[in-house]
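A short worksheet on the structure shown next.
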There are 2 protein chains.
Amino acid sequence: MRSKGRITIRDVATATGHAVSTVSNALSGKPHVNEETRRQVKEAAERLGYRPSAVARSLRLKLSSTIGVLVSDVSNPAIPEFIRGIDDVAVREGCTIFLCNTDELIERQISQMETLLDRQVDGMILISQHCDEPEIRKLLDGKTPFVLIQRRSARYRDDYVGSDNIQGTRDSVTYLRQLGHRRIGLITGPLSSSTAQERLEVFETTSAELGCEQDPELIFRGDYTVEAGYRGMHYFASLPQRPTAIIASNDVCALGVQDAASELRLSIPKDISLLGCDDIDLARLRQINLSTLRLPKREMGAAAAELLIRRIRSKRNITPREIIIPTQLILRESCAPLDTRSTAEVRKAAPQPSDS
Amino acid sequence: MRSKGRITIRDVATATGHAVSTVSNALSGKPHVNEETRRQVKEAAERLGYRPSAVARSLRLKLSSTIGVLVSDVSNPAIPEFIRGIDDVAVREGCTIFLCNTDELIERQISQMETLLDRQVDGMILISQHCDEPEIRKLLDGKTPFVLIQRRSARYRDDYVGSDNIQGTRDSVTYLRQLGHRRIGLITGPLSSSTAQERLEVFETTSAELGCEQDPELIFRGDYTVEAGYRGMHYFASLPQRPTAIIASNDVCALGVQDAASELRLSIPKDISLLGCDDIDLARLRQINLSTLRLPKREMGAAAAELLIRRIRSKRNITPREIIIPTQLILRESCAPLDTRSTAEVRKAAPQPSDS
DNA sequence: CGTTTTTCGGCAAACGATTTCTGTTTATTG
DNA sequence: CAATAAACAGAAATCGTTTGCCGAAAAACG
């Protein structure tokens, strides 16, 4: 009798001699059911090992208690920290997360999003560059709520959780300037990203304000990868006038800079200062020891998930909300004052002291 | 008319004037449907933007094209690489993955597994220590197939994908021995893990065979974390006779060793050689530069996913299969021959040259 | 032309829950 | 005693598919 397939609500109904509707009501804490009956039903459900089929109730309720998380690449160390935060609140709220890798490929992201929508996710969290493309928007404009992390749309106002790029970049540049650096290189993220774009702008204005050198050569366009940092460092080293400090778009990229610097026998921070962004777990290790702009990724993930869940549960009247989370400069040992260097080295780094 | 809710198969049925069954058959490539009709239906489906509801078909088919992946901790850099491999084949096979963090907490793993089962996942992949506990087994013995990664059960034979710990550990010890090391410290993983257990045993037998020192002080019990490595290094440094080389249970742990070594002003590899295990992406960076036993994690993840999917699709008659994947020693700069050291240092490291 | 066989499609029953509705029994209250 | 309410049964609709079965039309055959 109970040998065939899964135990359904019907099974516990017949077992207790009650009707399925009563069992349903009893189990889901509805009123108008005798406490004694409720107890009995619960006991029987427990005893039989009854677990309601999530897919059956999804179909009926049009709610799956499931959220889709689209990330560019799980293997990037910063991403799991966001996921962690998302997962923290997902578990607390009884949601399960679908994880999808997009590899930053737009077609792939589209197909992943379609799949998620087919699966009737209650909402989505996107940690990806793509959110403005019309094909993506077509999928997004439906009734499935979503939250963007670290990538704001230029054209639309959405729920968004991001870091305070303005203050953060300002702090970074100011810090390096205070150390005496005037020739600061920047390795950007992909400029299609709002965050990377914002940071670049603030970098330029703050640099100007504080009297840093304004030289287009000092901007290297990267894409948040180790390779970008590696190439960026090589590029900066090849310049006739090498920068005395580098700001990397993120820590992963800074890792690439360190790698290349080591290869070039350039010491950090003696020959060149390096400032990262993110504060990935590894940054604190002494062999990395990266001064960086901390971005509370786990908290951001959690904030995004909370925002999403609130949006899901409320009746979609609330206006889009943007949560901007402050960053914090974490000072370790990858930046040094400019004047600790030998004069010779400074000369080498900046042969013509005729500032333009 | 089409304003309300999602577009269902019924909508495309009425649009084409066919019955829903016909539409279903046409769309899913069943025979016995006129090619002209099929074309019409497909066209209409396309035009209306019809997408079959995955949850409805899950309910009907009792197949969700969904797999659950349970990991101990996404933030551990090794984990995403496994996930990557799983995701690669999942996408290829049209599956979506549910990701769950267990934090190595058994109750949490249980509840996550229950949720996955409620969601009717077609199968599960476990990258977790817990797989032998009766509560877990109760959930596993059902009809939902599963594959274990890097953790074999002592009591049961399951589908399993793991690395060749015997050969790998052998290679590691042999390599260090060839460099002249005889006093080798080992930081183990949690010994509840079959992998950690296996490695410990092979370490001991190989050490004995090759004439290394056999000293229980040389075994430090860790748990695959950075902290374990950090504490392990401090422990070894505090020994009257410090080992001249250390094998870490995994790279993350080795990172902790490096961190502590740096703190203690011990140079790797000059003062102490360090051999990791995993070969996480970061290990190759010059500032880390870790010699390590490469474990093809992405391939292992892929192998696990393939095994699982084959198990799902076949009619569960096949006997459990264990896939053991060979490892490869990747030589970087964290290990050095013993005799490159100054005699003084060797003395300091091993004051009493009276080998027991 | 009549009969058999294919081919095509429609009908309706699942899948497992929730929810609504009607109806019956019992207990409570004025 | 009548009226009301509470507790529950039972049936049915619903969510969106898939699929077994059956019938009609068309094609093939004698």
Side-chain angles (χ1 to χ4, degrees), chain A residues 2 4-42 44-45 48-66 114-115 117-122 143, chain B residues 2 4-42 44-45 48-66 94 115 117-122 143:
Chain A
R2 74 194 41 166
K4 50 180 346 253
R6 86 183 274 132
I7 297 121
T8 77
I9 196 172
R10 187 159 280 115
D11 294 329
V12 11
T14 59
T16 55
H18 287 286
V20 287
S21 49
T22 307
V23 175
S24 176
N25 286 328
L27 255 25
S28 51
K30 288 276 163 53
H32 296 297
V33 33
N34 189 304
E35 279 315 314
E36 170 56 15
T37 313
R38 195 187 298 274
R39 209 196 44 72
Q40 272 179 35
V41 168
K42 280 190 173 162
L48 297 177
Y50 167 69
R51 304 222 96 220
S53 153
V55 352
R57 65 202 319 268
S58 294
L59 181 59
R60 177 68 230 246
L61 268 3
K62 293 170 171 225
L63 274 180
S64 57
S65 291
T66 271
E114 284 175 340
T115 312
L117 260 12
D118 293 348
R119 297 258 143 93
Q120 222 139 93
V121 292
D122 294 344
K143 39 214 62 191
Chain B
R2 73 196 41 168
K4 50 183 342 254
R6 82 186 276 133
I7 297 123
T8 76
I9 197 172
R10 187 159 280 115
D11 294 329
V12 8
T14 59
T16 54
H18 287 286
V20 288
S21 51
T22 307
V23 174
S24 176
N25 286 327
L27 255 25
S28 50
K30 288 276 161 57
H32 297 296
V33 33
N34 190 302
E35 278 314 312
E36 170 57 15
T37 314
R38 194 188 298 274
R39 207 194 46 72
Q40 272 179 34
V41 168
K42 280 190 171 162
L48 297 176
Y50 166 70
R51 304 222 97 220
S53 153
V55 354
R57 65 203 319 267
S58 294
L59 180 59
R60 177 67 231 245
L61 267 3
K62 294 170 170 225
L63 274 181
S64 56
S65 291
T66 271
T115 311
L117 260 12
D118 293 348
R119 297 260 144 93
Q120 222 139 93
V121 292
D122 295 344
K143 40 214 60 188

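In the text below, chain A, chain B and the rest are named by the order of the sequence lines, each starting its count at 1. Only this structure's heavy atoms are used, side chains among them; waters, hydrogens and symmetry mates stay out.
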Value in whole Å for how far the P atom of dC8(C) lies from CZ of Arg39(B): 15 Å
Going through the distances and angles, do Tyr50(B) and Val23(B) end up as a side chain to side chain contact (heavy atoms under 4.5 Å, CB included)? CA-CA 11 Å; Tyr50(B) 166 70; Val23(B) 174; 5.5 Å; no
So Ser21(B), base contact, sugar-phosphate only, or nothing? Heavy-atom distance under 4.0 Å. base
Within this structure, what is the CD-to-C1' distance between Glu36(A) and dA6(D), rounded to whole angstrom? 16 Å
Touch check for Thr37(B), heavy atoms < 4.0 angstrom, all strands: base, sugar-phosphate only, or nothing? sugar-phosphate
Do the side-chain N or O atoms of Lys30(A) get closer than 4.0 angstrom to the phosphate oxygens (OP1, OP2) of dT19(C)? yes
Which nucleotide, dG16(C), dG16(D), dT19(D), lies nearest any side-chain atom of Arg6(B)? dG16(D)
Which whole-number value in Å describes the distance from Leu63(B) CG to dG16(D) P? 21 Å
Counting any heavy atom closer than 4.0 Å, what does Ser24(A) reach on the DNA or RNA strands: base, sugar-phosphate only, or nothing? base
Please determine, for the side chain of Leu59(A), which listed nucleotide (dC15(D), dA9(D), dA12(C)) has the closest atom? dC15(D)
Round to the nearest Å and state the distance from Glu35(A) atom CD to dA6(D) atom P. 14 Å
Nearest-0.5 Å distance, CG of residue Asn25(B) to NE2 of residue His18(B): 12.0 Å
Drop me the distance from Ser58(A)'s OG to Arg119(B)'s CZ, to the nearest 0.5 angstrom. 6.5 Å
Closest of dG9(C), dT17(D), dA17(C) to the Ala56(B) side chain is dT17(D)
To the nearest 0.5 Å, what is the distance between CZ (Arg38(A)) and OG1 (Thr22(A))? 11.0 Å
Nucleotide nearest Arg57(B) when distance is taken to its side chain, options dA9(D), dT17(D), dA17(C): dT17(D)
Between atom CG in Leu117(A) and atom C1' in dG16(D), what is the gap in whole Å? 16 Å
Is Arg51(B) touching bases, backbone alone, or none of the nucleic acid, heavy atoms closer than 4.0 Å? sugar-phosphate
Does Tyr50(A) make a side-chain N or O approach to OP1 or OP2 of dG16(C) shorter than 4.0 Å? no
Hey, does the side chain of Lys62(A) come within less than 4.0 Å of dT14(D)'s phosphate (OP1/OP2), counting only N and O? no
To the side chain of Asn34(B), which of dG9(C), dG16(D), dA9(D) is closest? dG9(C)
Closest listed nucleotide, where the reference is the side chain of Thr8(A) and the choices are dT19(C), dT19(D), dA17(C): dA17(C)
Using atom NE2 of His18(B) as one end and atom P of dG10(C) as the other, report the distance to the nearest whole Å. 6 Å
Length of the CD1-C1' vector between Ile9(B) and dG9(C), whole Å: 13 Å
As a test of reading the structure: which of dA17(C), dG10(D), dA12(C) is closest to the side chain of Val20(B), going by heavy atoms? dA12(C)
With heavy atoms under 4.0 Å as the rule, sort Asn25(A) into base, sugar-phosphate or nothing. nothing
What do you reckon, is CZ of Arg10(A) surrounded by more than 12 foreign heavy atoms closer than 6.0 Å? no
Rounded distance (Å) that lies between atom C1' of dA6(D) and atom CZ of Arg38(A): 13 Å
What closest approach, in Å, do Leu48(B) and Ala15(B) show between heavy atoms, and which atom pair accounts for it? CD1-CB, 3.9 Å
